[in-house]
Amino acid sequence: MSKKLFLIDGSAMYYRSYFAFSRNPLINSKGENTSATFGFLNSLLKIIDREHPEYLAIVFDTKEPTFRHKIYEEYKATREKMPDEMAAQFPRLVETLKAANFALLEKDGYEADDIIGTLATRFASDEVDVYIVSGDKDMAQLVNGHVFLYNLKKQDEPEILDRQKIVEKYGVQPEQIIDWLALMGDKSDNIPGVPKVGEVTAAKLLQQFGSIDNLYKNIDAISREALKKNLLAARDQVQIARRLTTIDTNVPIDVKLEDLKFRMWDMETVGPILQELEFRGLANRMKAMSLGQEEAMELRKFNSKDVRYQLIESEEEFDRLLDTLKEQKEFVFDLETSSLDFLEAEIAGISFCWDAGQASYIALGHEPRGLDRNKTLEKLRGVFADPQIRKIGQNIKYDAMIMEQHGVPVKNLYFDTMIASYLINPTGQHNLDYLAEHYLNYKMIPIEDLIGKKGRNQKKMTDLAAGLVYQYACEDADITYRIYQILKKDLKKHGMESLFYELEMPIVHVLMQMEMHGVKVDRKLLEELSDQLGRKIKAIEQKVYQAAGEEFNLNSPQQLGVILFDRLEIHKELGMRKPSKTKTGQYSTSEKTLERYASHPLVADIMEYRKLIKLKSTYLDALPQLINPRTGKIHTSYNQTVTATGRLSSSNPNLQNIPIRTDLGREIRRAFIPSKDDYLILSADYSQIELRIMAHLSGDETMISNFKKNLDIHAATAALIFGISVEEVTADHRRKAKEINFGIIYGMSEYGLANRLNISTDEAKEFIADYFATYPKIGEFMQRMIEEAREKGYVETMLGRRRYLPEIRNPNRQIREFAERTAINTPIQGSAADLIKKAMITIQTFIENVGFPAQMLLQVHDELVFEVQKKRSDEFAKKVKEIMEGAMELRVPLVVECGVGPNWLEAH
DNA sequence: GTGCATTCGTA
DNA sequence: GTACGAATGCACA
């Protein structure tokens with residue numbers, strides 16, 4: 001067997017690694033972006049693990065110009081500079097690679113390609129096969145019987161290209177690659193080719209003529225005149241291109257094969273660096289590899305000696321488990337169920353883990369049999385209800401709710417790995433599969449292996465035999481436990497213990513109560529409104545079709561645009577221009593665009609149609625379908641780990657976007673009613689919460705004093721920036737001031753404000769200048785947030801919630817400025833989220849401690865909605881107001897407005 | 001069936 | 001100009 005020499009184009013691999021993570025960069029707790037280093041090492045390990053090369057070298061480009069620049073000044077001239085943020089990671093990568101013993105090569109004046117070409121030519125022999133890892137098709141010219149291209153693929157198998165595969169892939173022999181590239185040019189290197197000649201034409205020409213020289217000798221054999229003309233015109237250019245694309249295989253570099261011998265790294269040397277980078281999984285894997293046990297890092301499967309997964313099917317076994325469970329201070333529990341909807345879900349079984357590598361699965365609802373469900377759950381009540389035993393889980397709210405649905409209350413929800421991961425990096429992923437790979441470098445058994453792919457034929461857990469499920473279920477619990485051990489320490493390191501244990505975990509219980517209780521809606525009212533709108537919509541539809549002269553899909557912005565502006569050309573009637581086009585080249589037909597053409601009766605009708613159809617389809621028709629037949633109520637899900645800022649989100653349905661701004665839309669709120677006869681709806685909302693938080697965070701004296709005087713903040717702002725008295729403030733003044741106040745929270749630019757207020761950029765600029773003159777510390781605050789993001793890599797909220805902003809150093813202005821706006825907005829929006837969560841916990845505790853006849857129903861970012869017994873609603877409103885206003889001590893007062901009524905609409 | 005784009009509802 | 005989720009159409013498989 002030949003020995004293998006791997007020659008890796010390090011610069012190319014570095015680029016690829018960086019961009020693989022650019023959407024979701026890897027950031028360690030120090031805020032250092034480690035994406036490129038991680039990706040690079042990962043690729044390297046993959047190769048080594050798979051191929052066990054005897055020799056390996058990593059080759060880099062240098063910054064010095066090469067002989068190609070001398071031949072052709074424009075060489076690579078159009079290539080974009082490496083992003084700063086990417087360049088910043090390079091020294092770290094080199095440091096790591098050196099510590100891991102890799103042979104690194106570079107030489108001024110030569111590209112990595114040339115060095116690789118030289119070494120490949122020098123060392124390829126009957127004894128040594130050379131594999132080039134580059135991704136660049138230029139390298140195909142080097143391929144021969146002992147030189148191959150090796151391309152890493154995203155998943156599974158790498159692609160290995162030998163002579164035959166090159167011919168299949170490109171349509172030319174390796175010896176023809178140079179000519180082929182020269183004919184078609186290379187955009188990324190700024191080498192122009194022959195106009196109109198791409199991969200295919202170039203390959204055809206070479207198949208016909210063999211080489212460029214021969215092609216020009218027989219140029220008259222080309223019948224297509226245009227092609228011939230282009231070829232002739234580019235003749236000199238093609239010769240230059242040939243020289244540029246030819247890889248130099250005679251680079252004077254003093255390297256012997258023995259210098260490239262791959263020697264396994266020493267963990268003593270790389271270990272500390274990997275630890276600094278916080279590459280835990282990778283470090284484990286490298287350790288395993290260095291010990292010569294490549295498979296070891298695959299976490300042991302159920303049947304291996306270190307993992308004990310147990311299926312519990314008999315009462316005796318269960319009783320033994322229960323006895324041990326009772327002695328634990330903490331355990332992971334995880335349910336397998338028949339459905340993701342907690343009201344529908346049947347329990348298939350429960351897995352437990354309190355020691356890494358050991359887990360048990362209690363089969364309760366499998367085919368053909370399992371333990372008696374009710375009896376077993378009854379026996380488990382004690383441990384679940386025991387507040388001394390800490391419960392750990394992944395997305396524990398779901399499991400706990402199902403237990404409660406089955407009559408088993410769960411006390412002491414101590415640790416949710418999903419939430420912990422969310423706090424460490426809110427913009428990342430938090431599903432168990434991802435966490436397992438990220439923290440443990442372990443690939444979970446895919447659930448599809450068990451229940452099949454999504455779709456009609458997907459099985460339910462309860463359809464399967466327990467013997468098939470338990471390994472999967474035990475693995476879930478085991479992995480969750482291992483991740484828990486890591487994340488627990490991480491939270492401490494990040495200074496997030498109180499945020500986690502005192503805010504996020506306690507809120508889980510509150511959300512559970514809200515979701516399980518649900519909110520009553522008046523189905524009949526919704527149906528009546530729907531019928532009413534349905535008739536109106538039909539009428540408008542007919543009118544529009546008449547005017548258009550044909551029927552089309554009014555819901556399709558694409559078709560609508562064509563009808564309005566190509567067919568009817570309504571812009572001409574109005575003496576206006578066509579609207580701008582969207583990214584995908586269709587006419588914009590958004591509300592904002594249509595507004596401009598609204599004087600046309602057809603457009604006015606379409607706008608009305610849009611409004612009505614939206615209300616009907618999104619709310620009136622959707623909500624009744626989500627009423628649970630068992631409870632007669634709507635049970636939304638509150639998601640605690642999706643927003644980047646710390647807010648909750650709501651889905652299935654989203655009850656955080658029920659209309660309020662238009663009268664017709666508001667009517668939908670009339671359908672949200674108490675679930676009991678003698679109850680009322682209470683709505684409590686924070687007044688100007690985000691502005692108040694900004695006043696607090698900035699410490700701006702003027703704004704603080706405005707709030708302390710309990711002034712109408714927008715009017716007060718208007719008076720100050722326009723230099724008039726409060727009495728002189730008109731509605732228009734106030735509106736403008738309000739826009740600026742809001743705009744500031746969003747980190748707006750003068751351009752944005754101008755757009756919003758329909759004024760010139762200069763005027764907007766002036767407004768903003770006046771604003772900052774009025775509230776000087778607000779401007780300082782904004783600057784400070786941007787600075788903080790630059791220095792630390794993240795910004796944080798009042799309770800220490802973080803958001804990483806790697807884009808803050810992005811050289812692309814648009815991207816960078818977006819990050820700057822987020823740096824301003826996130827501490828404000830996120831602190832408001834912290835605040836209301838705190839209030840929710842206190843209110844829920846109050847309700848439960850006192851047994852108050854009230855229930856929290858909804859949270860809409862700055863508003864809480866309850867149902868409360870009529871005769872005690874005043875008392876409750878007072879208490880809620882007191883708690884919400886006292887949730888945190890700020891430099892400004894917090895103001896909460898309460899309203900009660902027979903439904904959500906009238907509670908406002 | 002899945003994924004993206006557009007639009008529009010909320011704070 | 002921040003933060004979301006849902007309905008719809010449409011191009012792809």
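Convention: sequence-line order gives letters A, B, ...; per-chain numbering from 1.
Between A:H571 and A:F565, the angle of the ring planes lies from 30° to 60°, which puts this pair in the tilted group. Classified by interplanar angle (parallel below 30°, tilted 30° to 60°, perpendicular above 60°), the ring pair A:H635/A:F342 is perpendicular. Between A:F672 and A:W904, the ring-plane angle classifies as perpendicular under the 30° and 60° cut-offs.
Below the 3.5 angstrom threshold, one finds a donor paired with an acceptor across the side chain of A:N657 and the base of B:dG9. One can find a donor-acceptor pair under 3.5 Å joining the base of C:dT2 and the side-chain atoms of A:Q829.
Side-chain proximity of A:Y619 to C:dA3, B:dT6, B:dG9: nearest is B:dG9. With C:dG1, C:dA7, B:dA11 as the choices, the nucleotide that has an atom nearest any side-chain atom of A:V860 turns out to be B:dA11. If you check C:dA3, C:dA6, B:dT6 against the side chain of A:K614, the one that comes closest is C:dA6. Side-chain proximity of A:T584 to C:dG1, B:dA11, B:dT6: nearest is B:dT6. Taking every side-chain heavy atom of A:N555 into account, C:dG9 is the closest of C:dG9, C:dT2, B:dT7. Nearest nucleotide to the side chain of A:N825, out of C:dA7, B:dG9, C:dT2: C:dT2. With C:dA3, C:dG5, C:dC10 as the candidates, the nucleotide lying closest to the side chain of A:R803 is C:dA3. Of the candidates B:dT10, C:dT2, B:dT7, the closest approach to any side-chain atom of A:Y746 belongs to C:dT2.
Remark: P of B:dT10 and CZ of A:R666 are 10 Å apart, rounded to the nearest angstrom. Atoms CH2 (A:W904) and P (B:dA11) sit 8 Å apart, rounded to a whole Å. In this structure, the CG atom of A:L805 is 13 Å from the P atom of C:dT2, given to the nearest Å. We find that CD of A:E863 is positioned 20 Å from P of C:dC4, with the value rounded to whole Å. In this entry the distance linking CD of A:E591 with P of B:dT6 reads 17 Å, nearest Å. As a whole-Å value, the separation of A:K592 NZ from B:dT6 C1' is 16 Å. Across the protein-nucleic acid pair, A:R692 atom CZ and B:dA11 atom P stand 17 Å apart, rounded to whole Å. A:L594 has its CG atom 15 Å from the P atom of B:dT6, to the nearest Å.
Taking only side-chain nitrogens and oxygens, A:S649 comes nearer than 4.0 Å to OP1 or OP2 of C:dG5. Note on A:R647: every side-chain N or O is 4.0 Å or more away from OP1 and OP2 of B:dA11. Of the side-chain N and O atoms in A:T645, none sit less than 4.0 angstrom from OP1 or OP2 of C:dC4. Here A:R661 reaches the OP1 or OP2 of B:dA11: one of its side-chain N or O atoms lies under 4.0 Å away. For A:S617 and C:dA7, the shortest distance from a side-chain N or O to OP1 or OP2 is not below 4.0 Å. The phosphate of C:dG9 has OP1 or OP2 within less than 4.0 Å of a side-chain N or O from A:N553. Applying the 4.0 Å criterion to OP1 and OP2 of B:dT7, one finds that A:T589 has a side-chain N or O inside that range. In terms of phosphate contacts, A:R610 brings a side-chain nitrogen or oxygen within less than 4.0 Å of OP1 or OP2 of B:dC8.
Looking at every heavy atom in both residues, A:E344 comes nearest to A:S339 through CB-OG, 3.6 Å. Residues A:Y638 and A:Q859 share a closest heavy-atom pair of OH-N, 3.2 Å.
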Subject >> Step-by-step ring-ring contact (aromatic ring centres under 6.0 Å, His included) determination, A:Y771 to A:F767 >> reply: CA-CA 6 Å; A:Y771 187 92; A:F767 279 162; over 10 Å; no
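Residue contacts for A:T826: at a heavy-atom cut-off of 4.0 Å it reaches no nucleic acid atom on any strand shown. Counting any heavy atom pair closer than 4.0 Å across all strands shown, A:E690 reaches no nucleic acid atom. Among the heavy atoms of the strands lying under 4.0 Å from A:N652 are primed sugar atoms or P, OP1, OP2 only; no base atom is included. Across all strands shown, A:Q688 has no heavy atoms under 4.0 Å from either base or sugar-phosphate atoms. Residue-level contact check: A:A644 touches the backbone only, with heavy atoms under 4.0 Å from sugar-phosphate atoms and none from bases.
A donor-acceptor pair under 3.5 Å links the side-chain atoms of A:S698 to the main chain of A:A695, judged by distance alone.
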